[in-house]
Engineer: 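The structure under discussion is supplied below as structure tokens; questions concerning it will follow.
To find a chain, count down the sequence lines: A is the first, B the second, and so on, and within it residues start at 1.
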2 protein chains.
Amino acid sequence: MTKDLESYSEEGFIRENIQSNQIENKISTEPSLSVDCVIFGFDDQVLKVLLIKSDQPEFLGLWSLLGNKLKMNEDLDAAAERVLYERTGLENIFLEQTKTFGSINRHPEGRIVSIAYYSLLNINHIQLQKTDNDLHWHPVSEVGKMAFDHNLILETCYQTLQKKVLTEPIGLNLLPETFTLRDLQLLYEAILGTSFDRRNFRKKFFSTKLLVDRNEIEKEVSHRPAKLYSFDFEQYNKIKNSRFSLV
Amino acid sequence: MTKDLESYSEEGFIRENIQSNQIENKISTEPSLSVDCVIFGFDDQVLKVLLIKSDQPEFLGLWSLLGNKLKMNEDLDAAAERVLYERTGLENIFLEQTKTFGSINRHPEGRIVSIAYYSLLNINHIQLQKTDNDLHWHPVSEVGKMAFDHNLILETCYQTLQKKVLTEPIGLNLLPETFTLRDLQLLYEAILGTSFDRRNFRKKFFSTKLLVDRNEIEKEVSHRPAKLYSFDFEQYNKIKNSRFSLV
DNA sequence: TTTCTATTGTGTAAAAATTACACGTAAGAT
DNA sequence: ATCTTACGTGTAATTTTTACACAATAGAAA
């Protein structure tokens, strides 16, 4: 793997045009391209996002999304997968492009256009890698002011998630392999910021036939234990292009 | 307006790396950025898209979307607005980013990442400008093989349109200022490729209160004339963040 | 061992939304 | 005068959504 385009700050940029806040990479007249990933996880009944501390001088101390420069020989999705892999060690994870952000002054090092992705993963499976810059999980509702335009990117991806979770069962990517209906309902309530009637929620979800009864019950809870379910990927592929509406 | 970055083919690129099908713009190691616009219009009861003939040697004779290189000092939306303005003379038109396309080999002149937009306009208002390259309107259903990955871009934007038209009344951007309920229904049927029961369609649309009765009827039709309606932008702004579902 | 606490699992009736469906009316064309 | 074509309208049947309560079960506490 080449090391040349690993980060924006490696190459000793030359500031030439103060007025327009641009920076020239060699003598290029091209904007630079990066990907930024909003990595969502669900833990402790709370929707979380994986962040690091920015090391941009302008944004010292602020949190920032995980991102990286796009390599010249790398597809867009591959760049996002790389970011995810470098930090979580995970591959084949739900990852989807949302929107590209390219305001002229969004980045202090010059014109950097960033393609945003969001990702959904089961937080229990992962062992964070390269934990420099204080990599860790933040509740989505408690993220304060972020570096760059990352609040906007996060908000956009969060809205996409909220919208999509109503029509496609992508939420299940956030749960462990087996889960209770309570887990599922708490997940949806955390994502959407609403609450559902328990009986109606169950009815609705069972009607999709996406859930497989594992014939097991949860252990070591001090109340009546719930049945465990897992996700039926076959059924998912059947219905994923049809209609599924939670509300 | 500067003329420097007007098109990919202006600057006399140097082909250096045959193997990876890249071309180097000066000595840049950056991908280039462009916008491509899928401009939809509704005419003669058919959904159409504005295309030109590609002048890429590899794609001679094939149709291509309208696009242009992103300028260094230009926001993404502004670049798309520029493309639209140059060809139609229109401003303040519905225009929305969909997805960014950046496969390594999508463009024969090198690594060019393209941000796709789609636009909805009333075809009657417009006087096409710069009609070189055989600029004109094609029925969406009859577009054959296109240049680059433009079939994919068109398909993506069309799907976005189909999805969005069900939950937001953006379709009205495709109609003239006053229209009949028949026009409206034909529009939705053309976009979605379905047909609706006339009475139920009317009921549903009236319930949104988006339509204002103009107290006029259409002229010179050889059947009972229909009432004319226009669109209530105030009501639209009220409900645009709430729910609206046509089906 | 009994009781307490917390959460599970289940059905039905009322309300709302969606669907299916037919006929008299009005304008221009013949 | 009549034909053709599309307009404008209401209701009943069906489906979907909503609201709502109680017995059962595990561990914890007494």
Engineer: Taking the side chain as C-beta and beyond, is there a heavy-atom pair between B:Phe40 and B:Leu121 under 4.5 Å?
Structural biologist: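 Side chain of B:Phe40 against side chain of B:Leu121, heavy atoms only: no contact under 4.5 Å found.
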Engineer: Salt bridge (Lys or Arg N to Asp or Glu O under 4.0 Å): which pairs involve residues 182-201 of chain B, sequence neighbours left out?
Structural biologist: none
Engineer: Check this for me: does any side-chain nitrogen of one of B:Arg106 and B:Asp36 sit under 4.0 Å from a carboxylate oxygen of the other?
Structural biologist: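 So B:Arg106 pairs with B:Asp36 through a salt bridge.
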Engineer: Please state how far atom NZ in A:Lys203 lies from atom P in C:dT10, giving the value in whole angstrom units.
Structural biologist: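 Result: 13 Å.
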Engineer: I'd like to know if A:Lys227 reaches the base of C:dT10 with its side chain, counting only an N/O donor and acceptor under 3.5 Å.
Structural biologist: no
Engineer: Please state how far atom CZ in B:Phe206 lies from atom P in D:dG10, giving the value in whole angstrom units.
Structural biologist: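 Answer to the nearest Å: 12 Å.
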Engineer: Could you give all pairs that pass the ring pair (Phe, Tyr, Trp, His ring centres under 6.0 Å) test and reach residues 202-222 of chain A, with sequence neighbours left out?
Structural biologist: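 Every pair satisfying ring pair (Phe, Tyr, Trp, His ring centres under 6.0 Å) with a residue in residues 202-222 of chain A: A:Tyr188-A:Phe205, A:Phe201-A:Phe205, A:Phe205-A:Phe244, A:Phe206-A:Tyr229.
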Engineer: Between A:Lys227 and A:Glu216 (salt bridge meaning N to carboxylate O under 4.0 Å), is one present in this structure?
Structural biologist: no
Engineer: A:Asn200 has an atom CG; how far is it from atom C1' of C:dA16, in whole Å?
Structural biologist: 14 Å
Engineer: What nucleic acid atoms does B:Lys219 come within less than 4.0 Å of, heavy atoms only: base, sugar-phosphate, or nothing?
Structural biologist: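 If one applies the 4.0 Å heavy-atom cut-off, B:Lys219 turns out to touch nothing in the nucleic acid.
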Engineer: Rounded to the nearest Å, what distance is computed from the OH atom of residue B:Tyr229 to the P atom of nucleotide D:dC7?
Structural biologist: 11 Å
Engineer: Please confirm whether the backbone N or O of B:Phe94 pairs with a side-chain atom of B:Ser119, one donor and one acceptor, at under 3.5 Å?
Structural biologist: yes
Engineer: Within the structure, does a side-chain N or O atom of A:Lys204 lie under 4.0 Å from either OP1 or OP2 of D:dT17?
Structural biologist: yes
Engineer: Rounded to the nearest angstrom, tell me the gap between atom CZ in B:Phe205 and atom P in C:dT18.
Structural biologist: 14 Å
Engineer: If the threshold is 4.0 Å, N to carboxylate O, is there a salt bridge linking B:Glu168 and A:Lys163?
Structural biologist: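 Looking at B:Glu168 and A:Lys163, the cut-off is met.
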Engineer: In this structure, how many angstroms lie between the C1' atom of C:dG9 and the CZ atom of A:Phe196, rounded?
Structural biologist: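 Answer to the nearest Å: 19 Å.
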Engineer: If I take atom CD in residue A:Gln185 and atom P in nucleotide C:dT7, what distance separates them, rounded to the nearest angstrom?
Structural biologist: 12 Å
Engineer: Can you tell me the distance, in whole Å, between the CG atom of B:Leu228 and the P atom of C:dA26?
Structural biologist: 17 Å
Engineer: Can you give one letter per nucleotide of nucleotides 21-30 of chain D, 5' to 3': B if a protein heavy atom sits under 4.0 Å from the base, S if only from the sugar-phosphate, - if neither?
Structural biologist: B--BBBSS--
